[in-house]
Student: 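Please find one structure pasted underneath; my questions will follow.
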Amino acid sequence: MSSRLIGVGVGPGDPELVTVKGVNALRAADVVVVPVLDTGERGRAEATVLHYVPAEKVVRVVFALNERTDRARREAAWDAAGERVAGMLRERGSVAFATIGDPNVYSTFTYLAQTVGELVPGVVVETVPGITAMQDLAARSGAVLTEGTEPLTLVPVTAGSAVLKEALAGPGTVVAYKFGRQAGEVAEALRETGRLDDAVWGSALGLPEESVRSAAEMDGTPLPYLSTLIAPPRRAGGRGGKL
C-alpha cells in the first residue's frame with residue numbers, strides 16, 4: 001500500500017472551526033506533524049490539533065517559517081523537514097500535516113509535499129481544506145467579502161506595500177495577509193484609496209487574545225505578524241446593486 005501524506009487545514013485557531021473531515025483525517029493518520037519555528041515552541045496549529053488527538057501522536061518539525069532573506073538557510077530547513085517526514089512515511093505509512101488556515105493557501109505544506117514527493121516515490125498526497133482567516137474575520141466582524149460580480153483579491157503584504165496599493169486601486173474586496181509589521185504603510189494605502197473607514201483587521205482569531213477592530217484605529221504601531229485585513233469596496237445602489 002502506498003504511503004499517504006495529508007495536508008489538513010485546521011483553521012485560524014478556533015478549534016471549533018476544524019471540519020469534521022479534518023478531525024477524521026487527523027485521528028486516522030499514524031502520526032500528526034505540526035510545524036514550529038526554530039525555537040521549537042508550540043505553534044497555533046499544534047494547539048488546535050491537541051483538542052482532537054493525544055499529544056503522543058503529535059510530532060513537531062522545525063521549519064524556517066519566517067526566513068525570507070537567507071535562501072540557503074530556508075531551503076536547508078525545508079530539506080531537513082522533508083527528510084524527517086519522509087522517514088516517518090517509510091516507517092508508519094500515513095502522516096497528516098496540520099497547517100493553520102487551508103493547506104492550499106500560502107501554506108508550508110506546499111513546499112513539504114514537493115520535497116517529500118521527490119524523496120518517497122509513489123507517495124499519495126492529499127489535502128483537506130480548512131477555514132481561512134479571511135472567512136473567520138468576515139464572520140466575526142460582519143464584513144461581506146463579495147457581492148454580485150465583485151472580484152476578491154488576496155495579497156500577502158510580505159510581497160511589499162506596492163502590491164497592496166495596486167490591489168486597493170482596483171475593484172472588489174481586497175484581503176491582506178501577514179501585514180502586521182507594515183501596519184503604518186497599510187493604513188496609509190487605505191487612506192489614499194478611500195478604503196480606510198470600511199476596512200477591518202483582526203488577529204489571533206478564536207483565541208483568548210483575539211482582536212477585531214476598525215482599520216481606522218491603526219496608528220502605525222506594528223501589529224501581530226499574522227494579522228488579516230479586509231477592505232471592502234464602496235457599495236452603492238442598495239440590495240443587489242452589484243449584480
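Side chains included, hydrogens not; waters and symmetry mates left out as well; all remaining heavy atoms used. Fair warning: this is a prediction, and the values are worked out from it, not measured in the lab.
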Student: For Ala98 versus Leu26, what's the shortest heavy-atom pair and its separation?
Tutor: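 It is CB-CD2, 4.4 Å.
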
Student: Can you confirm whether Val186 sits close enough to Val157 that some side-chain heavy atom of one is under 4.5 Å from a side-chain heavy atom of the other?
Tutor: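 The answer is yes, as the side chains (C-beta and beyond) meet within the 4.5 Å cut-off.
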
Student: Between Asn104 and Thr127, do the side chains contain an N or O donor and an N or O acceptor separated by less than 3.5 Å?
Tutor: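 The answer is yes; a qualifying pair exists.
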
Student: Please give me the minimum heavy-atom distance between Leu145 and Met134, naming the atom from each residue.
Tutor: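 Of all heavy-atom pairs spanning Leu145 and Met134, the closest is CD1-O, 4.1 Å.
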
Student: Are Phe109 and Val125 close enough that some pair of their side-chain heavy atoms sits under 4.5 Å apart?
Tutor: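 Heavy-atom side-chain distance check passes, below 4.5 Å.
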
Student: Side chains of Gln135 and Thr132: is there a donor and an acceptor less than 3.5 Å apart?
Tutor: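 Note: Gln135 and Thr132 side chains meet the donor-acceptor criterion.
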
Student: When the side chains of residues 87-95 are checked against the rest of the protein, which donor-acceptor pairs come out under 3.5 Å, sequence neighbours left out?
Tutor:
{"from": "Arg90", "atom 1": "NH2", "to": "Leu119", "atom 2": "O", "distance (Å)": "3.2"}
{"from": "Ser94", "atom 1": "OG", "to": "Asp30", "atom 2": "N", "distance (Å)": "3.0"}
{"from": "Ser94", "atom 1": "OG", "to": "Asp30", "atom 2": "OD2", "distance (Å)": "3.1"}

Student: Counting N and O atoms only, with roles assigned by atom type, does the side chain of Ser227 sit under 3.5 Å from a partner on the main chain of Leu223, one being a donor and the other an acceptor?
Tutor: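 Checking the backbone N and O of Leu223 against the side chain of Ser227, no donor-acceptor pair under 3.5 Å is found.
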
Student: With a 6.0 Å cut-off (strictly less than), is the heavy-atom count around CD of Glu192, excluding the residue itself, greater than 12?
Tutor: yes

Student: Give the intermediate values and the outcome of side chain to side chain contact (heavy atoms under 4.5 Å, CB included) for residues Trp78 and Leu112.
Tutor: CA-CA 7 Å; Trp78 288 346; Leu112 177 68; over 6 Å; no

Student: Quick one: does Thr153's side chain get under 4.5 Å of Val155's, heavy atoms only?
Tutor: yes

Student: Please determine whether the number of non-hydrogen atoms from other residues, nucleotides or ligands lying under 6.0 Å from atom OH of Tyr111 exceeds 12.
Tutor: no

Student: Within the distance-only criterion (no hydrogens, no angle test), does the side chain of Thr110 pair as donor or acceptor with the backbone N or O of Tyr106 below 3.5 angstrom?
Tutor: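 A pair under 3.5 Å: no.
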
Student: Check Val116 against Ala86 and note the closest heavy-atom contact, atom names and distance.
Tutor: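 Reported closest heavy-atom pair: CG2-N, 4.5 Å.
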
Student: Output yes when a side-chain donor or acceptor of Arg60 lies under 3.5 Å from a complementary backbone atom of Pro35, and no otherwise.
Tutor: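 Here the side-chain-to-backbone pair does not exist.
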
Student: Under 3.5 Å, side chain of Lys57 to main-chain N/O of Arg27, donor-acceptor pair present?
Tutor: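 Yes, Lys57 side chain to Arg27 backbone: donor-acceptor pair under 3.5 Å.
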
Student: Kindly give the heavy-atom pair with the smallest separation between Pro103 and Pro129, and that separation in Å.
Tutor: CD-CA, 4.3 Å

Student: Using every non-hydrogen atom in the two residues, find where Ile230 and Ala143 come nearest and quote the distance to one decimal.
Tutor: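 Shortest heavy-atom contact: CG2-CB, 4.2 Å.
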
Student: With a cut-off of 3.5 Å and sequence neighbours excluded, list every side-chain donor-acceptor pair involving residues 196-210.
Tutor:
{"from": "Glu210", "atom 1": "OE1", "to": "Arg140", "atom 2": "NH1", "distance (Å)": "3.1"}
{"from": "Glu210", "atom 1": "OE1", "to": "Gly206", "atom 2": "N", "distance (Å)": "2.8"}

Student: Mind checking the CD-CD1 spacing from Glu126 to Ile6? Nearest 0.5 Å is all I need.
Tutor: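 It comes to 5.5 Å.
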
Student: How far apart are the closest heavy atoms of Ser211 and Arg213, and which atoms are they?
Tutor: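 Nearest pair, atom of Ser211 first, then Arg213: OG-NE, 3.3 Å.
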
Student: With a 4.5 Å heavy-atom cut-off, do Thr19 and Asn24 have their side chains touching?
Tutor: no

Student: Heavy-atom distance under 4.5 Å between the side chains of Leu229 and Val175, does that happen here?
Tutor: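 Of all side-chain heavy-atom pairs linking Val175 with Leu229, none is under 4.5 Å.
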
Student: Taking the side chain as every heavy atom from C-beta outward, state whether Leu17 and Pro12 have any pair of such atoms under 4.5 Å apart.
Tutor: yes

Student: Yes or no on side chain to side chain contact (heavy atoms under 4.5 Å, CB included) for Leu164 and Val174, after CA distance, side-chain angles and deciding distance?
Tutor: CA-CA 8 Å; Leu164 175 63; Val174 176; 3.8 Å; yes

Student: Counting C-beta onward and ignoring hydrogens, is there a side-chain heavy-atom pair between Arg84 and Val33 closer than 4.5 Å?
Tutor: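 Arg84 does not reach Val33 side chain to side chain.
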
Student: Can you tell me how far CD of Glu83 sits from OG1 of Thr115, rounded to the nearest 0.5 angstrom?
Tutor: 9.0 Å

Student: Is there a donor-acceptor pair under 3.5 Å between the side chain of Arg4 and the backbone N or O of Val124?
Tutor: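 No, the answer is negative, given that no donor and acceptor are paired below the 3.5 Å cut-off.
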
Student: How would you list, by chain and number, every residue that makes a salt bridge (Lys or Arg N to Asp or Glu O under 4.0 Å) with Glu188, sequence neighbours excluded?
Tutor: Arg191

Student: Would you say CD of Glu217 has more than 12 non-hydrogen atoms from neighbouring residues, nucleotides or ligands within 6.0 angstrom?
Tutor: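 Counting other residues, nucleotides and ligands, CD of Glu217 exceeds 12 neighbours.
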
Student: Can you find a pair of side-chain heavy atoms, one from Leu5 and one from Val85, that are under 4.5 Å apart?
Tutor: yes

